[in-house]
Amino acid sequence: MVIDFYSKVKALLQTNQQGVLMVVVANEGSSPGRKGFKMFVSKNQMHGTIGGGIMEHKLVEYARSLLEKSTFKPFVKHQIHDKSAPSDQSGMICSGRQTIAFFALNAGSLPWIDSILNSQNGKISYSENGIHLKTTTNATEWEFIEPISLPNQVYIIGGGHVGLALSEVISRLDFEIHLLDHRENLNTMEANSFVQSKQIVEFETIEQHIPETENTYVVIMSFGYRTDDIIIRRLLGRKYKFIGMLGSQEKMKTLYKNLLSDGFSQEQLDQVHAPIGLDIKSETAAEIAISVAAQLIQIKNKGLR
């Protein structure tokens with residue numbers, strides 16, 4: 001997320017005093033770097049990615065060569081992922097192309113970084129005029145507008161083995177993770193160091209602990225049918241980006257039948273992705289975690305090229 005990235009950039013900039021920010025401002029085809037990918041490079045450290053591979057290695061070295069200058073005007077470099085291209089070859093053969101903008105950062109950049117960190121719903125303009133919170137456009141050559149949004153938050157209900165495995169997998173992804181369970185002193189929950197928060201809660205009031213936002217993903221994988229039934233009754237009809245439940249087809253059939261007979265609508269049930277996860281015939285906790293993580297990525301990236 002934008003906020004997480006610039007929080008790290010701020011810390012690195014305060015330590016290193018200067019660096020180069022690379023931002024993918026355009027991409028086409030099977031480009032490994034998509035619009036919005038970012039990377040900060042200082043003399044000895046770096047954070048983020050612009051697509052990886054030989055291209056990224058080459059441009060990191062190029063960015064470090066720019067550090068010899070006190071500053072420079074923003075500019076772009078085109079990278080074509082085709083060795084037959086007459087110019088701007090990236091060294092990669094995956095086809096497609098991307099355009100990377102280069103910006104010099106130093107201590108004077110900290111005020112606008114703070115303005116980004118203090119904003120929750122603005123927009124950032126990257127252009128030949130520099131980086132600014134978006135108000136009006138004065139760009140004449142190139143510009144990329146990036147929204148500042150709240151982080152994607154995953155609420156995992158269930159601190160067991162699958163919850164632990166899922167937390168580990170998605171901790172490497174673009175999600176803020178919150179873990180909820182009703183069991184005290186659960187060893188797998190205590191061992192879970194991958195989440196931003198852990199809470200022991202009453203499932204009868206579970207809805208009070210999960211915000212209704214378009215950035216909220218809810219994953220239900222509690223101890224069993226009884227607790228799943230309590231949880232889903234409290235969450236059905238609420239507004240989330242995603243809600244899914246772990247369980248067999250037979251379990252879901254029984255649960256849905258009981259919910260319908262108790263007055264819940266089919267439309268409400270259709271909100272729920274159940275059984276959760278992409279169908280990869282997963283059996284172990286690790287495999288289930290990968291299938292669920294893949295589905296979360298699929299939902300998050302829906303509509304992106």
Side-chain angles (χ1 to χ4, degrees), residues 149-171 173-277 285 288-289 291-293 295-300:
S149 58
L150 295 173
N152 295 308
Q153 297 181 312
V154 178
Y155 284 80
I156 302 173
I157 308 174
H161 291 286
V162 181
L164 175 59
L166 178 61
S167 298
E168 181 175 5
V169 171
I170 62 176
S171 68
L173 305 175
D174 190 18
F175 293 104
E176 182 180 286
I177 314 166
H178 303 276
L179 186 62
L180 307 172
D181 206 298
H182 69 152
R183 293 169 286 179
E184 299 275 359
N185 303 317
L186 186 63
N187 64 333
T188 48
M189 191 165 180
E190 292 178 349
N192 194 328
S193 60
F194 305 103
V195 301
Q196 276 68 47
S197 73
K198 292 184 274 190
Q199 280 186 280
I200 305 300
V201 302
E202 295 293 334
F203 287 159
E204 289 78 6
T205 58
I206 189 69
E207 74 281 1
Q208 297 178 15
H209 303 280
I210 305 175
E212 290 185 81
T213 78
E214 59 184 23
N215 302 92
T216 299
Y217 298 70
V218 180
V219 176
I220 303 170
M221 43 181 60
S222 73
F223 182 69
Y225 179 92
R226 185 187 68 82
T227 49
D228 283 347
D229 182 65
I230 294 171
I231 293 164
I232 197 64
R233 288 172 184 269
R234 308 297 301 188
L235 300 183
L236 274 177
R238 299 177 72 82
K239 296 178 181 178
Y240 304 117
K241 176 77 170 182
F242 171 92
I243 181 168
M245 178 182 289
L246 182 67
S248 66
Q249 292 281 4
E250 192 61 32
K251 167 185 167 180
M252 295 304 141
K253 183 179 178 180
T254 302
L255 181 59
Y256 282 13
K257 180 181 177 181
N258 291 336
L259 290 170
L260 287 170
S261 66
D262 287 342
F264 290 93
S265 69
Q266 186 62 52
E267 183 180 5
Q268 289 175 317
L269 299 183
D270 289 342
Q271 283 185 291
V272 185
H273 296 258
I276 196 173
I288 294 169
S291 75
V292 174
Q295 188 172 43
L296 295 178
I297 294 169
Q298 183 184 63
I299 297 297
K300 179 178 71 72

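All values below were derived from every heavy atom in this structure, side-chain atoms included, with hydrogens, water molecules and symmetry-related copies excluded.
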Item to check | Residues, nucleotides or ligands: over 12 heavy atoms within 6.0 Å of Gln266 CD | outcome: yes
Item to check | salt bridge (charged side-chain N to carboxylate O under 4.0 Å, His left out) partners of Asp270, counting only residues at least two apart | outcome: none
Item to check | Pairs touching residues 175-185 that satisfy salt bridge (charged side-chain N to carboxylate O under 4.0 Å, His left out), sequence neighbours left out | outcome: Asp181-Arg183
Side-chain donor-acceptor distances from residues 193-201 under 3.5 Å, at least two apart:
residue : atom : partner : partner atom : Å
Gln196  : OE1  : Ile177  : N            : 2.6
Ser197  : OG   : His178  : ND1          : 2.5
Lys198  : NZ   : Met189  : O            : 3.1
Lys198  : NZ   : Asn192  : O            : 2.9

Next on the checklist: Test of understanding: with side-chain contact (heavy atoms from CB on, under 4.5 Å), list the residues that count as partners of Ala293, not counting sequence neighbours.
Outcome noted: Leu166, Val169, Ile170, Leu173
Item to check | Neighbour count >12 (heavy atoms, 6.0 Å) for atom NE2, His209 | outcome: yes
Checklist outcome for this item: In short, ring pair (Phe, Tyr, Trp, His ring centres under 6.0 Å) pairs touching residues 224-267 with sequence neighbours left out are Phe242-His273
Checklist outcome for this item: side-chain hydrogen bond (donor to acceptor under 3.5 Å, both in side chains) filter on Thr227, not counting sequence neighbours, yields Ser222
Checklist entry - Could you give all pairs that pass the side-chain hydrogen bond (donor to acceptor under 3.5 Å, both in side chains) test and reach residues 246-255, with sequence neighbours left out? => result Asp228-Lys251
Item to check | Option from Ile243, Ile231, Ile157 for which side-chain contact (heavy atoms from CB on, under 4.5 Å) with Ile210 holds | outcome: Ile157
Next on the checklist: Going by salt bridge (charged side-chain N to carboxylate O under 4.0 Å, His left out), name the pairs with one or both residues in residues 211-227, residues two or more places apart or in two chains.
Outcome noted: Glu212-Arg238
Next on the checklist: My understanding is that only one of Ile156, Val154, Ile276 makes a side-chain contact (heavy atoms from CB on, under 4.5 Å) with Val292; could you say which?
Outcome noted: Ile276
Item to check | side-chain hydrogen bond (donor to acceptor under 3.5 Å, both in side chains) partners for Asp262, two or more places apart | outcome: Arg233
Checklist entry - Between Phe203 and His182, how do the two ring planes meet: parallel, tilted or perpendicular, split at 30° and 60°? => result parallel
Item to check | Contacts of type side-chain hydrogen bond (donor to acceptor under 3.5 Å, both in side chains), residue Thr188, not counting sequence neighbours | outcome: none
Checklist outcome for this item: For Glu202, the side-chain contact (heavy atoms from CB on, under 4.5 Å) test, sequence neighbours excluded, returns Glu204, Thr205
